[in-house]
Amino acid sequence: MLTSNCSRHNIAKSIEYTYTGDDYPWEFPVDLTHEAVATTLHESVHFSLNESDAVARLEWENLASWPKGFGRTHLGPQHRTFVMVFQHQHHCLWKLETALLDPTDPESLPHHVNHCFNYLRQTLMCEAAHTLEIGDFLSVNYEKDRVGDTLVCRDWEKAYSALDENYEQWVQWREHWD
């Protein structure tokens, strides 16, 4: 039986991990439990589905490449590689966008697109936001009503900063030991 996130987090803070086999924490070892930020949902000119929009192209490509190291983190004495779930989600969003605009792209093959849909569905359910939205989103005119509800989220900028710092430490370690 799994314990709650709070219990797992408290346990993770008190245990030393070897980072071999299954001996590693469930979550990135940065405390984000008390770092809440407000995010207001809104329609945006960013991340458009327009193949001829060079800015949108860069936004989609950078979605999966930032933070440094493409969302990979290196933990433990041997700097074992892990991928952050949110970065895998970003990769999938980018590949779904690519599949919509260029079905001939090698990464737009049906098995990859299917994997991404399933991965996003499963991870969204795992972190199901329990915030209530006002009204019926199916009846909203998104051309006119461009601002939605405000959610309380984890501070993703703190997570990105910690990942960038971890990446720099890994680069220094790799340069020393390679």
What distance separates [X] [atom1] from [Y] [atom2], expressed to the nearest 0.5 Å?
X      : Y      : atom1 : atom2 : answer
His90  : Leu120 : NE2   : CG    : 10.0 Å
Gln122 : Gln89  : CD    : CD    : 11.5 Å
Thr40  : Asp149 : OG1   : CG    : 9.0 Å
Arg174 : His79  : CZ    : NE2   : 11.5 Å
Leu163 : His74  : CG    : NE2   : 10.0 Å
Gln87  : Leu63  : CD    : CG    : 7.0 Å

Less than 4.5 Å apart, side chain to side chain, heavy atoms only: is that true for [X] and [Y]?
X      : Y      : result
Arg121 : Phe117 : no
Tyr24  : Leu75  : no
Glu61  : Glu97  : no
Phe82  : Phe28  : no
Val30  : Asn166 : no

Treating [X] as the side-chain partner and [Y] as the backbone partner, does any N or O pair qualify as donor plus acceptor under 3.5 Å?
X      : Y      : result
Asp105 : Ala99  : no
Arg72  : Tyr167 : no
Asn62  : Leu58  : yes
Ser108 : Thr104 : no
His112 : Glu107 : yes

Member of Asp23, Thr18, Asp22 meeting the side-chain hydrogen bond (donor to acceptor under 3.5 Å, both in side chains) criterion with Thr20: Thr18
If Ile, Leu, Val, Met, Phe, Trp and Tyr residues are connected whenever their side-chain heavy atoms lie under 4.5 Å apart, and connections chain through other members, are [X] and [Y] in the same group?
X      : Y      : answer
Leu100 : Leu96  : yes
Leu49  : Val113 : yes
Leu151 : Leu93  : no

Minimum heavy-atom distance [X]-[Y], with the two atoms named:
X      : Y      : value
Val85  : Thr123 : CG1-CG2, 3.8 Å
Gly21  : Arg80  : O-NH1, 2.7 Å
Arg146 : Ser44  : NH2-N, 4.0 Å
Pro77  : Tyr19  : CD-CD1, 4.3 Å

Ring pair (Phe, Tyr, Trp, His ring centres under 6.0 Å) partners of His88, counting only residues at least two apart: His115, Tyr119
Set of ring pair (Phe, Tyr, Trp, His ring centres under 6.0 Å) partners for Trp60, sequence neighbours left out: Phe47
Gln78 CD: over 12 foreign heavy atoms closer than 6.0 Å: no
Axial cation check for Trp156 ring with Arg154, 6.0 Å and 45° limits: no
Mutual orientation of the aromatic rings belonging to Phe86 and Tyr160 [parallel < 30°, tilted 30-60°, perpendicular > 60°]: parallel
Salt bridge present between Glu43 and Lys144 (N-O < 4.0 angstrom): no
